[in-house]
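Take a look at the structure below.
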Amino acid sequence: MLRSVKGLKDILPQQASQWQHIETVARTMATQYGFSEIRIPIFEFTELYARSIGGTTDIVEKEMYTFPDRDGSSLTLRPEGTAGVVRAVLEHKLLDSPATRKLFYFGPMFRHERPQAGRYRQFHQFGVEALGIDDPLIDVEVVVLLWQFFLTLGLKDLTLHINSIGTLADREIFIHKLKDYLSPKLSTLCGNCQRRYSTNPLRVLDCKVPMCQEATQDAPILIDYLSDHSNVHFQSVLDGLRSLEIPFSLNHRLVRGLDYYSRTTFEITSPNLGAQSTIGAGGRYDGLFQALQGPSTPAIGFAVGLERVTLLLSEDITCKTAPLVFVAGFGEIGKPTAFKLLHTLRQSGIRADIDHKGKTLKALLRSADKLDADYTIILGDDEVSSGNLILRNMQTKSQEVLNIKEITQRIHKGL
RNA sequence: GUGGGUGUAGCUCAGUUGGUUAGAGCGCUGGUUUGUGGAGCCGGAGGUCGCGGGUUCGAUCCCCGUCACUCACCCCA
């Protein structure tokens with residue numbers, strides 16, 4: 001039997017309404033916070049990601065779905081959304097209007113990782129980007145939107161971690177200090193961290209191995225090495241969060257994986273997800289525009305892993321659907337008459353369905369029940385000859401005889 | 001890429017200390033007398049016991065390999 005590709009998941013009808021609910025909440029809230037939707041392509045030139053995410057990150061080094069186009073140019077299925085948004089913003093000069101500086105997006109992302117709980121090769125993200133705004137209050141707005149989004153969905157026990165990783169210059173100074181500190185302890189670190197020491201020393205700080213955590217207990221803290229500018233900005237962000245009574249946890253070990261992050265970084269975690277506990281994360285990326293040959297532009301955004309959100313959502317949360325009317329037509333004349341009525345109902349905007357297979361009233365009612373119909377219209381030969389039909393409320397079992405002409409009107413009035 | 005766990009019906013799982021036709025619940029489907037759903041009752045369909053090899057008179061069960069799924073490392077949303 002043919003199967004789906006490893007790490008890819010079908011969203012079946014039962015779960016689809018849950019996804020619709022999440023998307024509706026996301027769209028509504030992002031719009032309330034002044035963001036507009038942007039839809040960008042699923043693949044781009046490989047160079048875009050290599051330049052933005054960082055050539056030495058795992059994503060670019062070994063997780064991208066990269067393939068040659070027919071003319072030989074290298075294309076890549078998007079592993080995240082920010083790079084594409086920034087590219088589109090530069091290409092269409094969206095920075096020129098204040099109406100297009102706050103954007104949100106939705107859609108599938110692709111990373112060739114080993115699948116695991118909450119981790120897939122095709123996964124979906126909802127993300128926002130606020131571009132060209134340096135004010136710390138925009139940081140607050142973005143973090144609050146993320147926080148409120150999860151609260152609105154009813155997620156519990158979440159923690160908002162926040163940190164500032166400073167500018168590139170701030171980090172250079174800090175990394176130097178950190179290496180000085182780690183250097184004598186190198187032999188006590190795990191193998192991974194010994195490698196990280198030279199490739200990405202910041203990562204040693206959030207290693208889960210107890211030995212490493214112990215070794216970094218008294219390590220220098222990034223915040224202490226922030227420039228005045230970075231520090232003032234960060235303190236303003238925290239003050240803003242406090243003023244809105246958003247609970248947060250300062251986490252000076254919080255590091256981001258993508259090269260373009262700077263200054264404010266944040267992450268929201270849930271204890272109920274296993275190893276992949278981050279459901280949403282983001283931060284500032286003031287240097288990204290320049291890395292893509294655009295004008296120097298401060299920016300901040302976040303991305304939410306929607307599969308992880310669905311794992312936390314209670315299953316009974318679904319989109320409300322309109323009441324369903326099942327048309328049970330049977331008999332020589334009843335069936336064709338019912339089919340015409342079905343068409344009329346649908347044209348009137350009513351959600352209506354039929355079972356072509358069912359021959360007897362019993363079978364048809366059973367189908368109505370299986371489809372979870374709210375009402376069934378019973379229409380047999382007897383009804384056709386009398387010019388009436390029966391409207392049955394499936395829940396209360398009450399029935400009333402109606403004129404065929406009245407039915408649409410009747411249903412529109414609230415059934 | 002590395003390691004652990006698991007593969008029996010559509011789903012959730014029993015089971016066989018190796019022995020004839022492999023079970024349950026749920027789901028699906030038919031009937032329960034002729035025009036009224038859900039419940040009950042009675043019936044039915046559906047499985048190469050992941051795949052390949054080995055041991056054996058005999059393997060779904062033991063051994064080896066392989067694939068798939070899954071969890072964790074790594075990384076990240």
Side-chain angles (χ1 to χ4, degrees), chain A residues 1 3-9 12 14 53-54 56-64 78-82 107-127 146 150 190-193 195-196 199-200 203 206-209 254-258 261 266-270 273-283 301-312 326 328-331 334 355 357-383 390-399:
Chain A
M1 186 172 56
R3 341 176 91 266
S4 70
V5 176
K6 183 197 274 284
L8 274 53
K9 289 274 174 286
L12 301 176
Q14 249 192 329
I53 297 170
T56 61
T57 58
D58 277 16
I59 294 180
V60 171
E61 273 187 341
K62 45 194 187 194
E63 294 177 1
M64 295 206 302
R78 62 184 186 194
E80 57 99 42
T82 302
M109 307 295 166
F110 306 86
R111 294 182 198 173
H112 188 102
E113 299 180 278
R114 191 82 172 262
Q116 184 181 328
R119 194 170 77 181
Y120 312 96
R121 290 185 175 179
Q122 175 179 331
F123 60 103
H124 295 79
Q125 288 190 331
F126 156 55
L146 180 61
F150 292 138
C190 71
N192 260 318
C193 284
R195 177 177 54 78
R196 286 173 178 136
T199 58
N200 193 354
R203 277 277 165 211
D206 67 351
C207 182
K208 289 166 193 158
V209 177
L254 177 62
V255 173
R256 304 273 67 222
L258 284 56
Y261 283 110
F266 53 93
E267 186 168 303
I268 291 180
T269 59
S270 163
L273 268 183
Q276 312 300 322
S277 59
T278 302
I279 54 175
F302 68 66
V304 174
L306 296 179
E307 276 79 2
R308 294 181 187 177
V309 172
T310 64
L311 292 174
L312 290 173
F326 183 88
F330 56 102
D355 171 16
K357 221 177 92 187
K359 296 271 187 282
T360 63
L361 178 55
K362 180 191 267 298
L364 289 166
L365 275 167
R366 198 177 299 140
S367 299
D369 190 56
K370 293 267 160 60
L371 293 173
D372 202 24
D374 298 278
Y375 295 88
T376 297
I377 289 172
I378 298 172
L379 190 48
D381 290 351
D382 294 355
E383 282 72 24
I390 298 167
L391 177 64
R392 178 181 176 85
N393 181 317
M394 295 300 282
Q395 208 177 359
T396 65
K397 294 177 149 183
S398 66
Q399 300 190 163

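So that the names make sense, note that chain A is the first sequence line, chain B the second, and so on, each numbered from 1.
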Rounded interatomic separation in angstrom, taking [atom1] from [X] and [atom2] from [N]:
{"X": "A:Arg114", "N": "B:G4", "atom1": "CZ", "atom2": "P", "answer": "11 Å"}
{"X": "A:Leu311", "N": "B:U70", "atom1": "CG", "atom2": "P", "answer": "12 Å"}
{"X": "A:Glu113", "N": "B:G1", "atom1": "CD", "atom2": "C1'", "answer": "12 Å"}
{"X": "A:Tyr120", "N": "B:C69", "atom1": "OH", "atom2": "P", "answer": "13 Å"}
{"X": "A:Phe266", "N": "B:C76", "atom1": "CZ", "atom2": "C1'", "answer": "15 Å"}
{"X": "A:Gln14", "N": "B:C11", "atom1": "CD", "atom2": "P", "answer": "14 Å"}
{"X": "A:Lys62", "N": "B:G1", "atom1": "NZ", "atom2": "P", "answer": "11 Å"}
{"X": "A:Ile59", "N": "B:C76", "atom1": "CD1", "atom2": "P", "answer": "6 Å"}

So does [Y] get a backbone contact from the side chain of [X], meaning a donor-acceptor N/O pair under 3.5 Å?
{"X": "A:Arg308", "Y": "A:Gly118", "answer": "yes"}
{"X": "A:Arg121", "Y": "A:Glu113", "answer": "yes"}
{"X": "A:Arg78", "Y": "A:Pro108", "answer": "yes"}
{"X": "A:Arg111", "Y": "A:Pro79", "answer": "yes"}

Separation between [atom1] of [X] and [atom2] of [Y], rounded to the nearest 0.5 Å:
{"X": "A:Leu254", "Y": "A:Tyr261", "atom1": "CG", "atom2": "OH", "result": "10.0 Å"}
{"X": "A:Leu361", "Y": "A:Arg366", "atom1": "CG", "atom2": "CZ", "result": "10.5 Å"}
{"X": "A:Asp382", "Y": "A:Phe330", "atom1": "CG", "atom2": "CZ", "result": "7.5 Å"}
{"X": "A:Leu311", "Y": "A:Leu306", "atom1": "CG", "atom2": "CG", "result": "11.0 Å"}

On a plain distance test, is the side chain of A:Arg308 in donor-acceptor contact with the base of B:C76 below 3.5 Å?
->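 Indeed there is one.
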
Measure distances between side-chain N and O atoms of A:Arg119 and base N and O atoms of B:C75, and say whether any donor-acceptor pair falls under 3.5 Å.
->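 For A:Arg119, whose side chain was compared with the base of B:C75, there is a donor-acceptor pair (under 3.5 Å).
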
Where the side chain of A:Arg196 is concerned, which of B:C74, B:A72, B:A77 is the nearest nucleotide?
->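 Of the candidates, B:C74 comes closest.
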
Span that lies between the [atom1] atom of [M] and that of [N], in whole angstrom:
{"N": "B:A9", "M": "B:A45", "atom1": "C1'", "result": "11 Å"}
{"N": "B:C26", "M": "B:G43", "atom1": "P", "result": "15 Å"}
{"N": "B:C63", "M": "B:U20", "atom1": "C1'", "result": "25 Å"}
{"N": "B:G10", "M": "B:C28", "atom1": "P", "result": "15 Å"}
{"N": "B:G27", "M": "B:U66", "atom1": "P", "result": "41 Å"}
{"N": "B:U70", "M": "B:U12", "atom1": "P", "result": "12 Å"}
{"N": "B:U21", "M": "B:C11", "atom1": "C1'", "result": "25 Å"}
{"N": "B:G52", "M": "B:U17", "atom1": "C1'", "result": "27 Å"}

Per-nucleotide pairing state of RNA chain B [Watson-Crick or G-U, under 3.5 Å; [ ] pseudoknot-crossing; | other strand] | (((((((..((((.....[...)))).(((((.......))))).....(((((..]....))))))))))))....

Does any non-hydrogen side-chain atom of A:Gln122 lie less than 4.5 Å from one of A:Lys9?
->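 Sidechains of A:Gln122 and A:Lys9: no contact.
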
State, yes or no, whether a side-chain contact exists between A:Phe150 and A:Val309 at a heavy-atom distance under 4.5 Å.
->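 Yes - at least one pair of side-chain heavy atoms lies under 4.5 Å apart.
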
Taking the nucleotide of RNA chain B with the closest heavy atom to each, which residue, A:Val5 or A:Gly274, is nearer the 5' end?
->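 Between the two, 5'-proximity favours A:Val5.
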
With nearest nucleotides of RNA chain B determined for A:Leu306 and A:His112 from heavy-atom distances, which residue corresponds to the more 5′ nucleotide?
->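 Result of the comparison: A:His112.
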
Heavy-atom pair with the smallest gap, counting every atom of A:Ala281 and A:Leu146 |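 So the two residues come closest at N-CD2, 4.4 Å.
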
Summarise protein proximity over nucleotides 29-45 of chain B in one line of letters, 5' to 3': B for base, S for sugar-phosphate only, - for none, counting protein heavy atoms closer than 4.0 Å.
-> SS----BBBB-------

Under 4.0 Å between any heavy atoms, over every strand shown, what does A:Arg111 touch: base, sugar-phosphate, or nothing? Just pick one.
->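 Base contact - A:Arg111 has a heavy atom under 4.0 Å of at least one base atom.
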
Using a heavy-atom cut-off of under 4.0 Å over every strand shown, decide if A:Glu267 touches base, sugar-phosphate, or nothing.
->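 No contact at all - A:Glu267 keeps every heavy atom at 4.0 Å or more from the nucleic acid.
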
Verify the contact: side-chain N or O of A:Gln116 to OP1 or OP2 of B:C71, cut-off strictly under 4.0 Å; return yes or no.
->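 No.
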
